[in-house]
Number of protein chains: 2
Amino acid sequence: MNEAFKALADPTRREILQLLRDKSRNAGEIAEHFNISKPSISHHLNLLKQAGLVLDERQGQHIVYSLHTTVVEDVIGWMFKMMKKNDTEEEQP
Amino acid sequence: MNEAFKALADPTRREILQLLRDKSRNAGEIAEHFNISKPSISHHLNLLKQAGLVLDERQGQHIVYSLHTTVVEDVIGWMFKMMKKNDTEEEQP
DNA sequence: TTAATATTTAGATAATTATCTAATAATTAA
DNA sequence: TTAATTATTAGATAATTATCTAAATATTAA
């Protein structure tokens, strides 16, 4: 999960994830949304992939990226634990 | 919220947050849990504070750090949006 | 097979960050 | 006020990361 947290630390990568929330897109379409070179976007996509936050699939000439939410659930789980008081006993209703 | 994501990217800082989940602790107590110099821990605590993830309060010679969960809620909100399909219409029951 | 298109990989560089030691500041007790 | 304790700030350095251009790879079309 460390890789996921690291991946989420970059604003460009978070924006990529938001783009993919609408629909899956190929690398070129993603790159178009940024004033950053294609190799740099490719690098970000690779980090997101390593972190398990996106999936990639070749479709002919294109490589289509899509959101993969399993790890996001793990991160949310970590966050929720952070919010809850660490009570050993259950609270009385 | 960018600062919060950046703060959460470091494993030492996440461990500090987990320590504070049990109870508030002063800087020295926090530093004891790590094989890292006190100034470095102080630096991490400062980043967590800047990110709004912890609060600090002087109590005599000590400075006591505690968890501040408001920003954690924001991050969780962002994550949840990431998980939900971006439907314009509500789903039919 | 050659050319065109889409994407990644390689290698370099600049910016950021984590860490250290030494010095400073704030509080308390003698 | 001086000494002891706690914690931070300053300044330096090493490691990591984001970015770029140029080159390589993979696919499709001519």
Side-chain angles (χ1 to χ4, degrees), chain A residues 1-20 22-68 71 75 78, chain B residues 1-20 22-68 71 75 78:
Chain A
M1 207 162 46
N2 183 44
E3 276 181 307
F5 275 111
K6 279 164 74 176
L8 289 165
D10 185 270
T12 300
R13 288 194 289 267
R14 288 200 303 278
E15 206 172 328
I16 290 174
L17 292 177
Q18 284 179 321
L19 274 178
L20 296 180
D22 298 335
K23 64 168 193 282
S24 301
R25 294 170 201 263
N26 63 50
E29 288 169 338
I30 295 167
E32 276 172 16
H33 282 79
F34 300 92
N35 282 327
I36 297 177
S37 71
K38 282 185 177 189
S40 295
I41 295 296
S42 187
H43 172 241
H44 286 304
L45 288 170
N46 186 45
L47 292 183
L48 289 169
K49 192 172 123 186
Q50 296 308 316
L53 292 166
V54 303
L55 298 172
D56 65 341
E57 184 196 3
R58 181 173 278 280
Q59 288 184 8
Q61 280 172 293
H62 299 97
I63 294 180
V64 177
Y65 284 87
S66 57
L67 210 54
H68 187 55
V71 179
V75 173
W78 190 94
Chain B
M1 205 163 48
N2 183 42
E3 276 180 307
F5 274 112
K6 277 164 75 177
L8 289 165
D10 184 272
T12 299
R13 288 193 289 267
R14 289 200 304 278
E15 207 171 328
I16 290 174
L17 292 177
Q18 285 179 320
L19 275 179
L20 295 179
D22 298 335
K23 64 169 193 280
S24 301
R25 295 170 200 261
N26 63 50
E29 288 170 338
I30 295 167
E32 278 173 14
H33 282 78
F34 299 92
N35 282 326
I36 298 176
S37 72
K38 283 185 173 186
S40 294
I41 295 296
S42 187
H43 173 241
H44 285 305
L45 288 169
N46 186 45
L47 292 182
L48 288 169
K49 190 172 125 186
Q50 297 307 317
L53 291 167
V54 302
L55 299 172
D56 66 341
E57 184 196 2
R58 181 174 278 278
Q59 289 183 7
Q61 280 172 292
H62 299 97
I63 295 180
V64 176
Y65 284 86
S66 57
L67 211 54
H68 187 55
V71 180
V75 173
W78 191 94

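Just so it is clear: chains get the letters A, B, ... in the order the sequence lines come, proteins before strands, and each one is counted from 1.
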Please step through side-chain contact (heavy atoms from CB on, under 4.5 Å) for the pair A/Arg13 and A/Leu8, ending with a clear verdict. CA-CA 7 Å; A/Arg13 288 194 289 267; A/Leu8 289 165; over 6 Å; no

Between C/dT8, C/dA6, D/dT19, which nucleotide gets closest to the side-chain atoms of A/Ile63? C/dT8

How many Å lie between CG on B/Asn46 and P on C/dT17, as a whole number? 13 Å

Quickly work out the A/Glu29 CD to C/dA6 C1' distance and round it to whole Å. 12 Å

Verify the contact: side-chain N or O of B/Tyr65 to OP1 or OP2 of D/dT6, cut-off strictly under 4.0 Å; return yes or no. no

Starting at NE2 of A/His43 and ending at P of C/dA6, how long is that distance when rounded to a whole Å? 23 Å

Measure CD1/A/Ile30 against C1'/C/dT8 and give the value in whole Å, please. 14 Å

Evaluate the side-chain contact (heavy atoms from CB on, under 4.5 Å) criterion for residues B/Val54 and B/His68: first the C-alpha distance (whole Å), next the side-chain angles of each, then the deciding distance (0.1 Å), finally the verdict. CA-CA 5 Å; B/Val54 302; B/His68 187 55; 5.5 Å; no

Of all the nucleotides listed (C/dA6, D/dT19, D/dT6), which has the minimum atom distance to the side chain of A/His62? C/dA6

Just how far is it from atom CG of B/Leu20 to atom CG of B/Leu45, taken to the nearest 0.5 Å? 7.5 Å

Report the distance from atom CD of B/Glu57 to atom P of D/dT6, rounded to the nearest whole Å. 18 Å

Rounded off to whole Å, could you give me the CZ-to-P distance for the B/Phe34 and C/dA18 pair? 13 Å

Would you classify A/Leu47 as touching base, sugar-phosphate or nothing, given that sugar-phosphate means primed atoms plus P, OP1 and OP2, and contacts are heavy atoms under 4.0 Å? sugar-phosphate

Can a side chain N or O of A/Asn26 be found less than 4.0 Å away from OP1 or OP2 on C/dT7? yes

Locate the shortest heavy-atom distance separating B/Ala4 from B/Val75; write the atom from each residue and the value. CB-CG2, 4.2 Å

B/Leu45 CG to D/dT9 P, in whole Å, measures 11 Å

Can you list the steps and then say if A/Leu19 with A/Tyr65 is a side-chain contact (heavy atoms from CB on, under 4.5 Å)? CA-CA 10 Å; A/Leu19 274 178; A/Tyr65 284 87; over 6 Å; no

Using whole Å, what does the distance between atom P of nucleotide D/dA7 and atom CZ of B/Arg25 come to? 13 Å

If the cut-off is 4.0 Å, is B/Lys6 near the phosphate of C/dT17, judged by side-chain N/O to OP1 or OP2? yes

Which nucleotides of nucleotides 20-30 of chain D have their base under 4.0 Å from a protein heavy atom (B), which only their sugar-phosphate (S), and which neither (-), written as one string 5' to 3'? BBB---SBS--

Could you walk me through whether B/Ile36 and B/Thr12 pass the side-chain contact (heavy atoms from CB on, under 4.5 Å) check? CA-CA 9 Å; B/Ile36 298 176; B/Thr12 299; 3.8 Å; yes

B/His44 NE2 to B/Lys49 NZ distance, which is reported to the nearest 0.5 Å: 15.5 Å

Please check the phosphate of D/dT19 (OP1 and OP2 only) for any side-chain N or O of A/His44 closer than 4.0 Å. yes

